[in-house]
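The block underneath contains the structure these notes are about, expressed in C-alpha cells.
Note that this is a predicted model, so its numbers are computed, not measured.
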Amino acid sequence: MYRTNYCGEITEKNIGENIIISGWVNSRRDHGGVVFFDMRDITGIVQVVFRIEEIEKDKLNFIEDLIKHNVKPEFVLKISGKVVKRSEESINPKMKTGKIEIVLKNLEVLNTSKPPVFDIENSQNVAEDTRLKYRFLDLRNPKMQEIFIKRSLFIEEVNKFLSNERFLYVETPILTKSTPEGARDYLVPSRVQNGMFYALPQSPQLFKQLLMISGFDRYYQIAKCFRDEDLRADRQPEFTQLDMELSFAIEEDIFDIIERMLAKTFSIFGININLPIKRLTYDEAMSRFGSDKPDTRFGMEISDATNIFLNTEFKVFRQILENKGKILGIKVDKGSSFSRKELDSLIEEAKILGAKGLLYGKYINGNFESPLTKFAKKEEIDALLKLFKAEDGDLILIVSDKEELAQKILGTIRGNLAKKLKLIPPNSFDFLWVYDFPMFEYSEEENRLVSKHHPFTMPSLENFDNLENLSIEEKLKIKSRSYDIIMNGVELGGGSIRIHDLNIQKKVFKLLNIKDEEAEEKFGFLLEALSYGAPPHAGIALGLDRLIMLCMELDSIRDVIAFPKTQKASCLLTDAPNVVSKVQLRDLGIQIKEKINFDKKD
RNA sequence: GGGGACGUAGUGUAGUUGGUUAACAUGCGACCCUGUCAAGGUCGAGAUCGCGAGUUCGAGUCUCGUCGUCCCCGCCA
C-alpha cells in the first residue's frame, strides 16, 4: 500500500494516527540530529520530521543512511509515520498543514531524481523555454497544478449543467475535409490514397449542423480545433472549444443557456456574474468603443466631432470630410500631464495602426494647448471642449479618417492607455454580448466579399429575393444573426443562427463568389443534408483555454494548456514538428522539395 | 511577411568608455549542527558569455548574419 492519506489533507483530526504517504521531496532541512523534509503530492505539502529516538533500533542505521543520502529534492518516497501536533512555537501559519507534522517511523525510496533543472517552487521565475522543455517539472508546481485542477472542475460543472439541459455529448472527426474560407488548415496526408489530404478541423461547425439535421436536438463537445495561423499570447495552433449547437433555437435561447451556464460554473473561480449580461450592437460597440470586443470596465468612450467641423477651414479636416470621413476623439482624464515624448509615442502608435496623424489637445487652466488652435476657429475649439465635457487637466486625442479606421485606431489607443494608466480595476469581470454583426466584409486581398463569421450564418433579412442584384455597398450593410460573448475585452466565444434553408445557403455562397461547382465540391454533403428536413438551429462555441486564462487572471494561454507550443508552433518538450523518415514519406507519396537536414531522424 | 525585446555556470542575474583570473545569489558535492520551514555555518566543484563571421594588438561588451524564446502588426470565418 502506497498511502493512507494525501499530504495536503492531513489535519489536526489525524493527530495520533499512524499513516502512510507517498510523494515527492519538496525540500529538506538537515540539522544533524534532527532532519525535516517536506513531502508534496497533488493535494499539498506536509512536514516530516526524522528523530533518531523514534526509529526502531534494528532499522536505525539503514534509515539514517537513507535520510542522509537519499532524501533529496524530487526523490519519490513512501513514508510511514505518526501524525503529531506541533508545539506552539513551531507552528507554521503559512502552511495548510502547519499545525501538525509526521514523525517518521519508516521510509522507502520509490525513485531517485536528478537535481531538478530549476527549483520547482520558483519555476514561475524561470525562462519560459526552459520551463517548456521541462514541462513535466514545471507542472509539479502547485500553482500550475491549481490551474489544471480548476480547469478540470470547470469542465465537470459544464458537463453537469449541459447534461441537465438535455445536451448530448457527441464526438466529431479530427481527420476531416479541408474547407475554403477561414483559417489555414493543418493538412494530414493520406497513405491509402496518395496525393490526397485530410484537414484537421478548424471547428466542428459542419458536423454539429449535421447532428442537428440528424435530430439530436442539442449537442455539445469539448472539441479540439486546429488553425495554422500565427500565434499570440492568447492563440495556440491547437486549442479547445466548448462547442454547442441547438435545434429550434433563436438568439434568446442561446443567450439564456450561456448566461445561466456561466453564472453557475464560474463559481468554480469565485466569480459572480450579474444576469442578464448587457448587450451592444456591433455598430454601437464600434462607435462608442472602437472595437467589436470592447472592454467596458472603464470609460474613455469615443465622441464624434465631425459636425463641429463641417465648415472648417482646416485643410486636413476638409479633405477627410470631402471623403465622407469622420473626426473622432477620446478624452483622457488628467491626461494633460503627458510629456511631449509620450504624446509622440501615441502619434507613432496611431500611425502604425494606419492613421495619417493624431491630433492632441491639452486643456490646462482654461487654455486649449494644441496644434489645432492654429487652424481651427475659436467656436470650433469651444464646441470641441463642450462635446468632450473637458475639465481642467484633460487631454483630447483626435483621429480623422474613414469612420471604421478612425474607430479602430481610437479603440486600440483607448485599450492601451487604459492598461498604461491602470484604469481597469483588478479582479473585475465584465461580460457583454455583441450582436448584429455585418454579414460580410470586403477582402482587399481576394478582391471579394468574405464572411465575417462563417458562410453558414443566417443573414438578418426579411426578404431574400433580389440579393444578387445589390451593390457591394448594400451587401456590406447586410447584418447577420451572429453574436459574440466578450469577457474583459476579450472574445470569449461566438456563434450564430445557422442557415437551414437550402436556397438561402446557395444564395449566400453566391454572394461570397463561391461558384456552384465549388460549393458542390466543398460543401455538397451539407447542401444535400439541408435538403432533407434540416431544422432551424443555432449554436455557439466558447474558447475554453481563453476562458480559463481570463478567470484565473493569467496573461498567456500557454499557462492553461498542459503542453503548449511556442510562437513558432514547436513543442520544446517533444521537439515537434520534426523530420520523418524517407520510408514514411515514400508511403505517403510525398517528396520534400527543399533541402532539409535529415540528421535528426532517418 | 514586418516591428520590437531578450540570449553570460543547472537556475536567476551583474558585468563601466572594448583591456589581465567573467562577479553575485541560488542550486550541486563534502563536512559541522536537535526545531527548521527561503534553516544556518565552513570548504569545494561548476561558464569555450546561443552559434558564425567581421572590426581591433585585444570582443561577454562594437558591426553584420544566423538560430531560439517572448510581445505586437499583418493573419486568426
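- For B/U69 and B/G27, the P atoms lie 30 Å apart once the distance is rounded to whole Å.
- You'll find a donor-acceptor pair under 3.5 Å spanning the side chain of A/R86 and the base of B/U36, going by distance alone.
- Checked by distance alone, A/D230 brings a side-chain donor or acceptor within 3.5 Å of a matching partner on the base of B/G74.
- Contact check for A/I100 versus A/V46: side-chain heavy atoms found under the 4.5 Å cut-off.
- At whole-Å resolution of the value, CZ in A/R232 and P in B/G3 are 15 Å apart.
- Remark: B/U48 base-pairs with no nucleotide; criterion is Watson-Crick or G-U wobble with both hydrogen-bond distances under 3.5 Å.
- As rounded to whole Å, 10 Å separates atom P of B/U13 from atom CG of A/N122.
- On a pure distance criterion of 3.5 Å, a polar donor-acceptor pair joins the side chain of A/R235 and the base of B/C75.
- Stacking between A/F36 and B/U36 is shown: the ring centroid lies under 5.5 Å from the centre of the six-membered base ring, and the planes differ by under 30°.
- Taking the side chain of A/V117 as heavy atoms from C-beta on, and the options B/C70, B/C37, B/G10, the nearest nucleotide is B/G10.
- In this model, a donor atom of one side chain and an acceptor atom of the other lie less than 3.5 Å apart for A/R498 and A/S496.
- Picking from B/G12, B/U34, B/C71 the nucleotide with the shortest atom distance to the side chain of A/V126 gives B/G12.
- Using a distance-only test at 3.5 Å, with no hydrogens or angles considered, a donor-acceptor pair links the side chain of A/T97 to the main chain of A/I45.
- Nucleotide B/G54 is matched to B/C62 when pairs are restricted to Watson-Crick or G-U wobble geometry with both distances under 3.5 angstrom.
- Here B/C76 is the nucleotide among B/C70, B/U69, B/C76 with the atom lying nearest to any side-chain atom of A/A183.
- Atom P of nucleotide B/U36 and atom CD1 of A/I100 are separated by 17 Å, given to the nearest angstrom.
- The aromatic rings of A/F523 and A/F509 lie parallel to each other, with less than 30° between the two planes, well short of the 60° mark.
- One interatomic measurement links the two molecules: NE2 of A/H31 to C1' of B/U42, which rounds to 17 Å at whole-angstrom precision.
- Taking 4.0 angstrom as the limit, A/K94 places a side-chain polar atom (N or O) nearer than this to OP1 or OP2 of B/A38.
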